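In what follows, a structure is listed as structure tokens, so that the remarks can point back to it.
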Amino acid sequence: MSDQERANAYWKANLRLITWSLAIWFMASFGFGILFRPVLSGIAIGGTDLGFWFAQQGSILVFLGLIFFYAWRMNKLDAEFGVGEE
């Protein structure tokens, strides 16, 4: 595999990871907090309904989890393509 093909494969894998991370973040913040809030209103968590919880705290926790997941996955991806930090 040439250097250009490796660079393209690395960039494609990076964009796929970013796209999935943004989709998960969108669903946790906008989807569960706003769009699906009426559906989630019957489920209680922490003294409030699940839709409100996602709008106030859940989306932030999902975002923090995604940060750590992205860093972990990018380190694996960097090592796989030989561009990792030493």
Side-chain angles (χ1 to χ4, degrees):
M1 185 182 299
S2 71
D3 287 340
Q4 184 63 38
E5 290 173 340
R6 287 176 55 91
N8 287 341
Y10 175 75
W11 185 243
K12 185 177 179 181
N14 187 10
L15 286 179
R16 187 172 38 249
L17 180 62
I18 290 171
T19 302
W20 277 106
S21 297
L22 286 175
I24 291 169
W25 187 27
F26 174 81
M27 282 304 298
S29 60
F30 191 75
F32 293 150
I34 297 172
L35 293 178
F36 301 128
R37 185 162 187 258
V39 176
L40 299 173
S41 65
I43 304 169
I45 182 170
T48 187
D49 66 271
L50 188 59
F52 181 77
W53 183 83
F54 263 108
Q56 298 303 312
Q57 295 175 353
S59 61
I60 295 169
L61 295 176
V62 169
F63 178 65
L64 289 173
L66 281 172
I67 289 172
F68 288 107
F69 173 76
Y70 179 79
W72 170 75
R73 187 63 184 107
M74 278 306 296
N75 284 334
K76 285 184 71 173
L77 199 63
D78 288 347
E80 181 182 327
F81 283 93
V83 295
E85 298 175 3
E86 309 256 350

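Predicted model, so just to flag it, every value in this text is computed and none were measured.
- Pairs passing the salt bridge (charged side-chain N to carboxylate O under 4.0 Å, His left out) check and including a residue from residues 53-64, sequence neighbours excluded, do not occur.
- Taken to the nearest 0.5 Å, the CD1 atom of Ile24 stands 14.0 Å off from the OG atom of Ser59.
- Other residues sharing the hydrophobic cluster of Val39, ordered by chain and number and joined by side-chain separations under 4.5 Å: none, the residue standing alone.
- Sequence neighbours left out, not one pair with a member in residues 20-30 passes salt bridge (charged side-chain N to carboxylate O under 4.0 Å, His left out).
- The side-chain contact (heavy atoms from CB on, under 4.5 Å) check on Thr19 picks up nothing, with sequence neighbours excluded.
- Ser29 OG to Leu22 CG: the interatomic distance, rounded to the nearest 0.5 Å, is 10.0 Å.
- By the rule that hydrophobic residues join a cluster once side-chain heavy atoms approach within less than 4.5 Å of another member, Trp11 and Trp20 end up as members of separate clusters.
- Under the ring-ring contact (aromatic ring centres under 6.0 Å, His included) criterion, the residue pairs touching residues 40-68 are Trp25-Phe63, Phe32-Phe54, with sequence neighbours excluded.
- Among pairs with a residue in residues 21-44, those fulfilling salt bridge (charged side-chain N to carboxylate O under 4.0 Å, His left out) read Arg37-Asp49, at least two apart in sequence or across chains.
- Residue pairs meeting the salt bridge (charged side-chain N to carboxylate O under 4.0 Å, His left out) criterion with at least one member in residues 50-62, sequence neighbours excluded, do not occur.
- Among residues two or more places apart in sequence or in another chain, the ring-ring contact (aromatic ring centres under 6.0 Å, His included) test is passed with Tyr10 by Phe81.
- For Arg16, there are no salt bridge (charged side-chain N to carboxylate O under 4.0 Å, His left out) partners two or more places apart in sequence or in a different chain.
- Applying the side-chain contact (heavy atoms from CB on, under 4.5 Å) criterion to Ile43, with sequence neighbours excluded, gives Leu40, Leu50.
- In this structure, Tyr70 and Asn14 have side chains that are in contact, with non-hydrogen atoms separated by less than 4.5 Å.
- Listed by chain and residue number, Gln4 satisfy the side-chain hydrogen bond (donor to acceptor under 3.5 Å, both in side chains) test with Asn8 (two or more places apart in sequence, or in another chain).
- For Phe69, the side-chain contact (heavy atoms from CB on, under 4.5 Å) partners two or more places apart in sequence, or in a different chain, are Leu17, Trp72, Arg73.
- Between Arg6 and Glu80 the shortest heavy-atom distance is NH2-O, 4.5 Å.
- Minimum interatomic distance between Ala28 and Val62 (heavy atoms only, all atoms of both residues): CB-CG1, 3.7 Å.
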